[in-house]
Amino acid sequence: MPSLLNRHVVGVGAGPAERDPSPVEGFLRRLVGADTVGAAAQAAVDVVREVVGAEVSWCGLTEGDVLTMAAHSGLRTAEMPALWRLRVGHGVGGRVAKEGRTISVRDYRRDPAGCR
């Protein structure tokens, strides 16, 4: 006769084993459940930071010719997102908004276009 442990495993093991969702699965669940642009942006920022292993991740939205911070993860100050503005075309983020393409920078602080 099977032991109690074996019966428990057989009973529970009738369906697929439960596991933690992958970062992408977690992102898709959060994205589907997002009821605002900010919530969708935050889901993207969080998964990018986790998967890439970045210290900081952020996402901006354009309002006219200005880029504002819509979501962020890893910032050191709470005030920065509310105060941060960047003209479209200036700095790395502004260039991304203007050109509509990914721009990769190894060290943002040392990049000549980083903070302008």
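All figures in this text were calculated on a predicted structure; none of them were measured in a lab.
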**Prompt:** Which pairs, with at least one residue in residues 43-52 and sequence neighbours excluded, count as a side-chain hydrogen bond (donor to acceptor under 3.5 Å, both in side chains)?
**Reply:** Arg30-Asp46, Gln42-Asp46, Arg49-Ser73
Indicate the atoms forming the closest heavy-atom contact of [X] with [Y], along with that distance.
X	Y	answer
Pro81	Leu75	CG-CD1, 3.7 Å
Ala71	Gly38	CB-O, 4.3 Å
Thr36	Ala39	OG1-N, 2.9 Å
Val56	Gly74	CG2-O, 3.6 Å

**Request:** Any pair with a residue in residues 35-83 that passes ring-ring contact (aromatic ring centres under 6.0 Å, His included), sequence neighbours left out, goes on the list, sorted by first then second residue, please.
**Result:** Trp58-Trp84
**Asked** In this structure, are over 12 heavy atoms from other groups packed under 6.0 Å from Glu99 atom CD?
**Response** yes
**Prompt:** Which distance, rounded to the nearest 0.5 Å, do you find between the CG of Asp65 and the CG of Leu86?
**Reply:** 10.5 Å
**Side chain to side chain, Thr102 and Val96, heavy atoms closer than 4.5 Å** = no
**Request:** Taking the side chain as every heavy atom from C-beta outward, state whether Leu67 and Arg85 have any pair of such atoms under 4.5 Å apart.
**Result:** no
**Message:** Test of understanding: clusters of I, L, V, M, F, W, Y form through side-chain heavy atoms closer than 4.5 Å, transitively. Do Val88 and Leu61 belong to the same one?
**Reply:** no
**Item:** Transitive ILVMFWY side-chain link Val24 to Leu31, under 4.5 Å
**Value:** yes
**Request:** Evaluate side chain to side chain contact (heavy atoms under 4.5 Å, CB included) for Arg87 paired with Lys98, printing each intermediate quantity in order.
**Result:** CA-CA 9 Å; Arg87 289 188 56 105; Lys98 182 178 181 178; over 6 Å; no
